[in-house]
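Residue numbering restarts at 1 for every chain, and letters A, B, ... go by the order of the sequence lines. As the structure is a prediction and not an experimental result, all values here were calculated from the model.
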Amino acid sequence: MAPPLNHPWNLPPAEARALQERLRPLLITHDAFGQVQSVAGTDLGFEDDGRVARAAVVVLEFPSLRAIDQALVRRPTPMPYIPGLLSFREIPALLDALACLRRPPDLLLCDGAGYAHPRRLGLAAHLGLYTGIPSIGVAKSRLIGAYEEPGEARGAWSPLVDQGEIVGAALRTRARVSPLFVSGGHRVGLMTAMRWVLHCCTRYRLPETTRAAHRLASG
DNA sequence: GCGACAG
DNA sequence: ATCTTGTCGC
């Protein structure tokens, strides 16, 4: 699936929000992908007071979770961090990093929200839609939605509700650690998103994909 | 006007 | 996200 999208990333806030509203109906919110042999983690680090972004992507073979490819690029940051508009700040560098890979991964675990977004187009959803790659949003903290504290066991979860809609879930990826906020991205539904996040969380709270990308982006 | 707010 | 040492706990 070649990306049928092509739009600027340095937009004024109001225009960026309007664009999200226009892209929103293009997002595929149900499972629509085949065999997964590779899962990639994405993350960013910043330099020079946030003016330069370091985008890292690490591809792990599934189910071994062994790293088989990775990419790291440094790019000027197009926008400041504005809650709800994170994708405009981070996607440009991520696209260049993804282009450096030997071949595109089968699934993306992004560091941020997916569908659990004010206009249902968080970083994971936007990046998946733009690249056509199935994606999942994995955030360490909540952007939107109300939720009850999930049970203490690994795998316990509770729905994230916004405007009367279940947009994601607070998922306990390890016993007695604060939950992760998981949401579907492009071509991946919530229940499937949670399954994949758990598949990638072996010893720590964060998925091995995210950990690997974070280490690469940090040095 | 006030509070919330991924990374 | 980033600036940063020590420190509490398994």
Side-chain angles (χ1 to χ4, degrees), chain A residues 9-10 13-14 16-17 19-20 23-24 27 40-58 72-95 97 108-130 135-147 152 154 159-163 165-171 173-186 188 190 193-194 197 203-207 209-219:
Chain A
W9 302 98
N10 59 329
R17 295 189 186 93
L19 176 57
Q20 292 178 323
L23 298 179
R24 176 177 183 170
L27 187 72
T42 72
D43 190 31
L44 279 84
F46 295 90
E47 304 173 2
D48 194 27
D49 205 29
R51 287 186 284 271
V52 174
R54 285 191 310 269
V57 178
V58 177
L72 176 64
V73 303
R74 292 176 70 259
R75 294 289 186 276
T77 315
M79 292 201 14
Y81 166 69
I82 298 174
L85 301 181
L86 179 67
S87 64
F88 290 86
R89 174 178 171 73
E90 307 197 336
I91 288 183
L94 286 172
L95 290 176
L108 290 175
L109 288 214
C110 304
D111 192 14
Y115 190 76
H117 176 277
R119 289 165 294 284
R120 311 297 185 251
L121 202 76
L123 170 66
H126 199 166
L127 182 60
L129 181 60
Y130 204 93
S135 61
I136 293 171
V138 183
K140 296 179 291 299
S141 61
R142 185 198 67 90
L143 172 58
I144 59 160
Y147 69 100
E152 63 178 69
R154 166 188 156 86
L160 239 193
V161 181
D162 177 63
Q163 303 293 116
E165 177 184 20
I166 294 179
V167 298
L171 174 66
T173 56
R174 207 190 162 184
R176 293 176 297 283
V177 298
S178 51
L180 249 36
F181 296 83
V182 178
S183 57
H186 186 51
V188 184
L190 178 59
M194 286 193 280
V197 169
R203 308 187 47 180
Y204 304 92
R205 177 170 90 113
L206 296 175
T209 42
T210 303
R211 285 165 44 72
H214 194 289
R215 283 182 315 183
L216 180 58
S218 298

Among [options], the nucleotide that comes nearest once only the side chain of [X] is considered:
{"X": "R142(A)", "options": "dA4(B), dA6(B), dA1(C)", "answer": "dA4(B)"}
{"X": "H214(A)", "options": "dC5(B), dA1(C), dG7(B)", "answer": "dA1(C)"}
{"X": "L143(A)", "options": "dT2(C), dG7(B), dC5(B)", "answer": "dC5(B)"}

Inter-residue atom distance R211(A).CZ - L206(A).CG, 0.5 Å rounding: 7.5 Å
When you compare the ring of Y81(A) with the six-membered ring of dG7(B)'s base, are the centres less than 5.5 Å apart and the planes under 30° from each other? yes
Do the charged groups of D162(A) and R142(A) touch, with an N to O distance under 4.0 Å? no
Taking only Watson-Crick and G-U wobble pairs with both distances under 3.5 Å, what dot-bracket line describes DNA chain C, where [ ] shows pairs that cross earlier ones and | shows pairs with another strand? ..........
OP1, OP2 of dG7(B) versus side-chain N and O of S141(A): anything below 4.0 Å? yes
K140(A) vs dG7(B): side-chain N/O to OP1/OP2 distance below 4.0 Å: yes
Would you mind classifying the nucleic acid contact of F46(A) as base, sugar-phosphate or nothing, using non-hydrogen atoms under 4.0 angstrom? sugar-phosphate
Looking across every strand, which nucleic acid part, if any, lies under 4.0 Å from A139(A) by heavy atom: base, sugar-phosphate, or nothing? sugar-phosphate
Closest approach of I82(A) to P13(A) (non-hydrogen atoms, all atoms of both residues): CD1-CG, 3.8 Å
Applying side chain to side chain donor-acceptor pair (under 3.5 Å), name anything that partners R75(A), two or more places apart in sequence or on another chain. D96(A)
Distance, rounded to the nearest Å, where E47(A) contributes CD and dT2(C) contributes P: 10 Å
Spacing of I91(A) atom CD1 relative to dA1(C) atom P, expressed in whole Å: 18 Å
Considering residues, nucleotides and ligands other than I166(A), do more than 12 of their heavy atoms fall under 6.0 Å from its CD1? no
